[in-house]
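As the structure is a prediction and not an experimental result, all values here were calculated from the model.
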Amino acid sequence: MDDYISKPIQLQELAKALSKYPPQRSSKFTSKGKQDKVMCLELQPSQNILQSEQNQTLKIAKIDAKILQSLQDMLRGDRVAFVELIECYLTETPRQVENISTAITSQDTQTLLNTAHQLKSSSASVGAIALAQFCKVLEAQAYSSKLENSLELISQLYQEYEQVKTALEQELGKEVL
């Protein structure tokens, strides 16, 4: 297979990309069943749909419900793993935001570039698209060493993170019930 799928990976996009290519007929990639029939793994995205109330809460908080649902699907309904993943994000993100703030204040473009990139990726993975976009702008500014309006962006970044945190904590509250 020779294709491209952007992060965060969505199961539906992966299944679509894989469907473009015929299955391999090699024992390395397939196995034979009792009747010598070739068995192939078929990717079927889970049909779990978030409730409309949850969609509204997440939309207000700028969380992409489809991405969050895709994350749950990738974990195959493992609630413990989902909760741990979100808790890890909520634990690590304040440190990353603080590191971004410090890097801007000290004009440390390399730290800003690395940390903004990490936070961009992890935020996109949990559906915090607006937060990921702020990080993308900061990453581009660090790359070009132009940090003129970065202090304004860091204030917006803090505000956006607080909204994301509230939405994800509400999501965790639903997971506990």
Quiz item: Considering residues at least two apart in sequence or located in another chain, which fulfil the side-chain hydrogen bond (donor to acceptor under 3.5 Å, both in side chains) criterion with E92?
Solution: R95
Quiz item: Cluster question for you: counting only ILVMFWY and a side-chain heavy-atom cut-off of under 4.5 Å, with indirect links fine, are L157 and L113 together?
Solution: no
Just distance, no hydrogens or angles: give the donor-acceptor pairs under 3.5 Å from side chains in residues 142-149, sequence neighbours left out.
residue : atom : partner : partner atom : Å
S144    : OG   : A140    : O            : 3.2
S144    : OG   : Q141    : O            : 3.2
N149    : OD1  : Q141    : NE2          : 2.5

Quiz item: Checking S70 side chain against K66 main chain: does a donor-acceptor pair fall under 3.5 Å?
Solution: no
Self-check item: Of all pairs that satisfy salt bridge (Lys or Arg N to Asp or Glu O under 4.0 Å), the ones with a partner from residues 106-133, not counting sequence neighbours
Solution: K120-E139
Quiz item: Any side-chain donor-acceptor pair under 3.5 Å between Q118 and N114?
Solution: no
Quiz prompt | Passing candidate, side chain to side chain contact (heavy atoms under 4.5 Å, CB included) with I154, options I104, T102, T105 | solution = I104
Self-check item: Main-chain N/O of L90 paired with Y161 side-chain donor or acceptor, under 3.5 Å
Solution: yes
Quiz prompt | Where T111 and N99 come nearest, the two heavy atoms and their spacing | solution = CG2-O, 4.5 Å
Exercise. Check the pair C135 / Q96 against side-chain contact (heavy atoms from CB on, under 4.5 Å), numbers first and verdict last.
Key: CA-CA 11 Å; C135 292; Q96 290 177 315; over 6 Å; no
Practice problem: Would you confirm whether S101, through its side chain, and V97, through its main-chain N or O, come within 3.5 Å as a donor-acceptor pair? | Solution: no
Quiz item: Is there side-chain contact between L68 and L168, with at least one heavy-atom pair below 4.5 Å?
Solution: yes
